[in-house]
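One structure is given here, and the rest of the page talks about it.
Chain A is the first sequence line, chain B the second, and so forth, proteins listed ahead of strands; every chain is numbered from 1.
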There are 2 protein chains.
Amino acid sequence: MSISSKYFPNEPSAPEVKTAFPGPKSQEAVKSLDTVFDARPVYFVADYEKSNGNYIVDVDGNTYLDVYAQIASIPLGYNNPALAEVAKSDKMIRAIIDRPALGNFPGKDTQEIIQSLLDVAPKGQDKVWSGLSGADANELAFKAAFMWYQSRKRGYKTDFTTEESKTVMENQSPGSPDLAVLSFERAFHGRLFATASTTRSKPIHKLDLPSFKWPKAQFPSYKYPLEEHSKDNEEEDKRCLAIVEDAFKNAAAPIAAVLIEPIQSEGGDNHASKAFLQGLRDITINHGALLIMDEVQTGVAATGKFWAHEHFDISPAPDMVTFSKKFQSAGYYFHDPEIIPNVAYRQFNTWCGDPARMLLAGAIGAEVKKNDLGAAVARVGDYLYKKLDALAKKYPDFINNLRGKDRGTFIAWSFKDAPLRNQFLSDIKKEGINMGGCAEDSVRLRPTLVFEEKHADILTAAIEKVLATY
Amino acid sequence: MSISSKYFPNEPSAPEVKTAFPGPKSQEAVKSLDTVFDARPVYFVADYEKSNGNYIVDVDGNTYLDVYAQIASIPLGYNNPALAEVAKSDKMIRAIIDRPALGNFPGKDTQEIIQSLLDVAPKGQDKVWSGLSGADANELAFKAAFMWYQSRKRGYKTDFTTEESKTVMENQSPGSPDLAVLSFERAFHGRLFATASTTRSKPIHKLDLPSFKWPKAQFPSYKYPLEEHSKDNEEEDKRCLAIVEDAFKNAAAPIAAVLIEPIQSEGGDNHASKAFLQGLRDITINHGALLIMDEVQTGVAATGKFWAHEHFDISPAPDMVTFSKKFQSAGYYFHDPEIIPNVAYRQFNTWCGDPARMLLAGAIGAEVKKNDLGAAVARVGDYLYKKLDALAKKYPDFINNLRGKDRGTFIAWSFKDAPLRNQFLSDIKKEGINMGGCAEDSVRLRPTLVFEEKHADILTAAIEKVLATY
């Protein structure tokens, strides 16, 4: 029995569109919601009680096959019964109502919960620090990186100088040093102030926010299909690595860490090659900086491996790997004990994560392992990619640069411009598919991990139906 | 029947200390936990299953009367049955396992959940934006403030110039302008990068982190008892307000917002007067800046009113009020529609809060209202303050500057130095009281909202028992 049939015996067999998009009840609800909450970005108002597996139902009774999945963050389908069991457990109830200050008063089950996150740690990582969102995870990783960088510089002493303690309260050096995180054009790492300083995908994410004047480099732009342009793409890797080298040499402030998504997601599903990531690893080691792999969107089996960067087997392993979204909990994995700040209470806050969400993350990881969902996603992704590749040959004007071969269901393609992409996203909803875009001209597929061949058939039929009208 | 008896028929009648602090099982558990998680700040490992009402139990079977309450963040006692009902509800289970991207796909119960937060909004506020922690709430408020400031400057146009859109991607002005938030010496607003730039209580919170070079002012330091030093304290208010005026006049970068705790908590339980806060309100209005009231620690009835700044009735109301901790959910209240960014997707992220935690916040607010816990806390606080005041007269060397009269159970006092304070915090644990410090030389009481006279009797008896040995 397929995993989706096992989890979801009552999953709809097909989308069902009953109204225009959005339906009248959604429109009414949005109007009302907007009086208390900014409802301008709402697609539709969902009925989560009726949503099931890969299908999201709205308040008008429309049933959509969901390949956007709450911006890539529903792991195992709507109302997954295995997760519902965890949500009903006494442990979860206590995690909700007796939320601890985890760093001061952990509970007797805290170690078990943390171990459940470590059970699916990326290769080479054996420690974790917990946070609350992808942006939070990245900023916590930055903090660890800066503390590590300065600690090494002062010879691992645990005493701070009077001058450091005094100047930091004035937001001045040396207590508050001028250090940087290097990120890449088109990157998305979050929208808090330090993460926004590393996010470079769209102006709307950060207009009017003060920022740290941190440097950037270029993320490779490959020619597709990859196998037909290997020489050009190798040159592109070299060009972009040289820019990173230059950034280190010309840095106005020391670069403590390089931050990268193995696949830039919000920025357009731009994939990095193994050679590029290994080159980056080598440069960071040469320059004494950390390598932070942002797996907020790529993590948790969507690419066919639990962590996307495991496709590349770079060596040594990244220094930190950040996570959130499909894992429902957030934080960073690491392995070097020197990344634990040298004095207690430096990496600290009231809650230090949310045990309720960590408990859920542990259960998600266990389900993925138990059902070998990585292999399942790889299999379904291969099936889906081939069907899309065939469509790309049939409709070459509308499926450009198909990306994500051998990367599970983490698949995207481009249209020739933004208006056409937007038209497509609007038209595909009329066919009962909830899909999201990325960058200006691309669409990204982000189904759950229980998306199977039968769903891929429905999806590709709907895509072809729309493209045939263009 | 008292509220604690109603909620907690099986609440222990007194603390019970069976082992040294921390006990052998705690020590063993910490040693093990430390292999996967930074356990250096752990006080003890708790048994939340056995904890009940105002009492926290550890894995050694010690039972502590808890007047620290997870760093001021347990609202209604451990294992509160009313909150347990909410945690078991179908709505909660769905909020946990079908976590939405709330800005794009709200559920049919989203408005009701948001309304439940608004039901306890501070006077003058009627809108809310949701986040995940106190630091997150403050940074979200900063974002709204900066967007508001620049939007007003460009005449509320919804178009950005090409130059703005280009420069923001380079982290340069005018797209990323040089703007500031003014905060106060000894303030604590969080430990992310922008909030850390406004936090000025202890070096350990932010050493080695790059910061925004934002200005600071001085928070009043009053002489106690307040009623005996009203003239000096009025002068102190004027002196500190003049510093704020100067900060605006001499600002290197425009100040978009002033951020203040009505009672600086982590920084030492420093109370602000009505005159100071009203003066601040007047200055912000004169200079076209927003006033952000950080009620992360002071909010949710601990001072006898639902929001601490409601004691002062400043006019007009603050522009934003941030919350977290005892509310379990986080975010900011506001009222001016101009604080909603002028274009969709500017204040946005994947989750836009956590409906599971928002559902709990709504239930906490409803319980506080239904049981009039604000009035109960005011009554108990008055009782407790009087007993402590009597102890202060009996032990004047060990209870200095008793603070929190007419502020519910939000009470603190100082010792003559840090070693003595630390000794007291160690000794009081041996009497079965879990208590926390603030600043270098003070202790702060942060019991739950169901802390009653009988608990106050136990607490003050333990305090006296310790002080009598000094």
Side-chain angles (χ1 to χ4, degrees), chain A residues 32-33 36-38 40-41 43 45-48 59 70-71 73 78 83-84 87 93-94 96-98 100-101 103-108 111 114 132-133 139 146-147 150 160 165 168-169 171 175-176 179 191-194 197 200 203-204 206-213 340 344-345 349-350, chain B residues 32-33 36-38 40-41 43 45-48 59 70-71 73 78 83-84 87 93-94 96-98 100-101 103-108 111 114 132-133 139 146-147 150 160 165 168-169 171 175-176 179 191-194 197 200 203-204 206-213 340 344-345 349-350:
Chain A
S32 175
L33 181 61
V36 292
F37 195 74
D38 179 5
R40 290 171 296 181
Y43 283 45
V45 175
D47 186 333
Y48 290 106
V59 288
Q70 309 298 329
I71 319 182
S73 71
Y78 293 104
L83 299 186
I93 291 165
R94 277 197 299 278
I96 292 170
I97 67 175
D98 299 330
N104 282 158
F105 306 99
K108 60 181 176 180
Q111 184 165 357
I114 290 169
L132 297 170
S133 70
E139 297 216 354
F146 291 133
M147 291 173 190
Q150 292 297 91
F160 303 101
S165 294
V168 70
M169 302 310 280
N171 291 339
S176 173
L179 297 174
R191 294 158 164 259
L192 295 168
F193 287 82
S197 301
R200 301 167 186 280
I204 196 77
K206 54 194 267 193
L207 270 159
D208 295 344
L209 303 187
S211 59
F212 291 110
K213 309 304 174 204
I340 300 170
Y345 282 107
N349 54 61
T350 297
Chain B
S32 175
L33 181 61
V36 293
F37 194 74
D38 179 6
R40 288 171 297 181
Y43 283 46
V45 175
D47 185 333
Y48 289 106
V59 288
Q70 310 297 329
I71 319 181
S73 70
Y78 293 104
L83 299 187
I93 291 165
R94 276 197 299 278
I96 292 170
I97 66 175
D98 299 330
N104 282 158
F105 306 100
K108 60 181 179 181
Q111 185 164 359
I114 291 169
L132 297 170
S133 70
E139 296 216 353
F146 291 132
M147 291 174 192
Q150 291 298 90
F160 303 101
S165 294
V168 70
M169 303 310 280
N171 292 340
S176 173
L179 298 174
R191 295 159 165 258
L192 295 169
F193 286 83
S197 301
R200 301 168 185 281
I204 196 77
K206 53 194 268 192
L207 270 159
D208 295 344
L209 303 187
S211 59
F212 291 110
K213 309 304 172 202
I340 300 170
Y345 282 106
N349 54 62
T350 297

- Item | Euclidean distance, B:I71 CD1 relative to A:T350 OG1, rounded to 0.5 Å | 4.5 Å
- Task: Search all heavy atoms of B:Y48 against all heavy atoms of A:P100 and return the closest pair with its distance.
- Result: OH-CB, 3.3 Å
- Message: Could you tell me if the side chain of A:P106 sits less than 4.5 Å from the side chain of B:L33, heavy atoms only?
- Response: yes
- Query: Between A:V59 and chain B, which part of the residue has a heavy atom less than 4.5 Å away: side chain, backbone, both or neither?
  - Reply: side chain
- Between the side chain of B:S176 and the main-chain N/O of A:L209, is any donor-acceptor distance below 3.5 Å? yes
- Query: Checking A:F160 against chain B: side chain, backbone, both or neither under 4.5 Å from a heavy atom?
  - Reply: side chain
- B:N171 side chain to A:S197 main-chain N or O, any donor-acceptor pair under 3.5 Å? yes
- Item | Residue part contacting chain A, namely of B:S73, when any heavy atom lies under 4.5 Å | side chain
- Is the side chain of A:N104 donor-acceptor paired with the backbone N or O of B:P41 at a distance under 3.5 Å, no angle test? yes
- Message: Looking at A:M169, is its backbone amide N or carbonyl O close enough to the side chain of B:K206 to form a donor-acceptor pair, meaning the two atoms are under 3.5 Å apart?
- Response: no
- Task: Say whether, by atom type as modelled, one donor and one acceptor occur between the side chain of B:D208 and the main chain of A:Q150 under 3.5 angstrom.
- Result: no
- Query: Taking all atoms of both residues into account, what is the closest heavy-atom pair of A:I97 and B:A87, and its distance?
  - Reply: CG2-CB, 3.9 Å
- Largest heavy-atom contact set with chain A, pairs under 4.5 Å, which of B:F146, B:F105, B:Y345, B:Y78: B:F105
- Give, as side chain, backbone, both or neither, the part of B:V45 having an atom under 4.5 angstrom from any heavy atom of chain A. both
- Could you please spell out the steps behind the side-chain contact (heavy atoms from CB on, under 4.5 Å) verdict for B:R40 and A:I340? CA-CA 11 Å; B:R40 288 171 297 181; A:I340 300 170; 3.3 Å; yes
- Task: Please work out whether the ring planes of B:F193 and A:F212 are parallel, tilted or perpendicular, with thresholds of 30° and 60°.
- Result: perpendicular
- Note on the structure: So CD1 of A:I114 and CZ of B:F37: to nearest 0.5 Å the spacing works out to 4.5 Å
- Please report the closest heavy-atom contact between A:L179 and B:P210, naming both atoms and the distance. O-CG, 3.6 Å
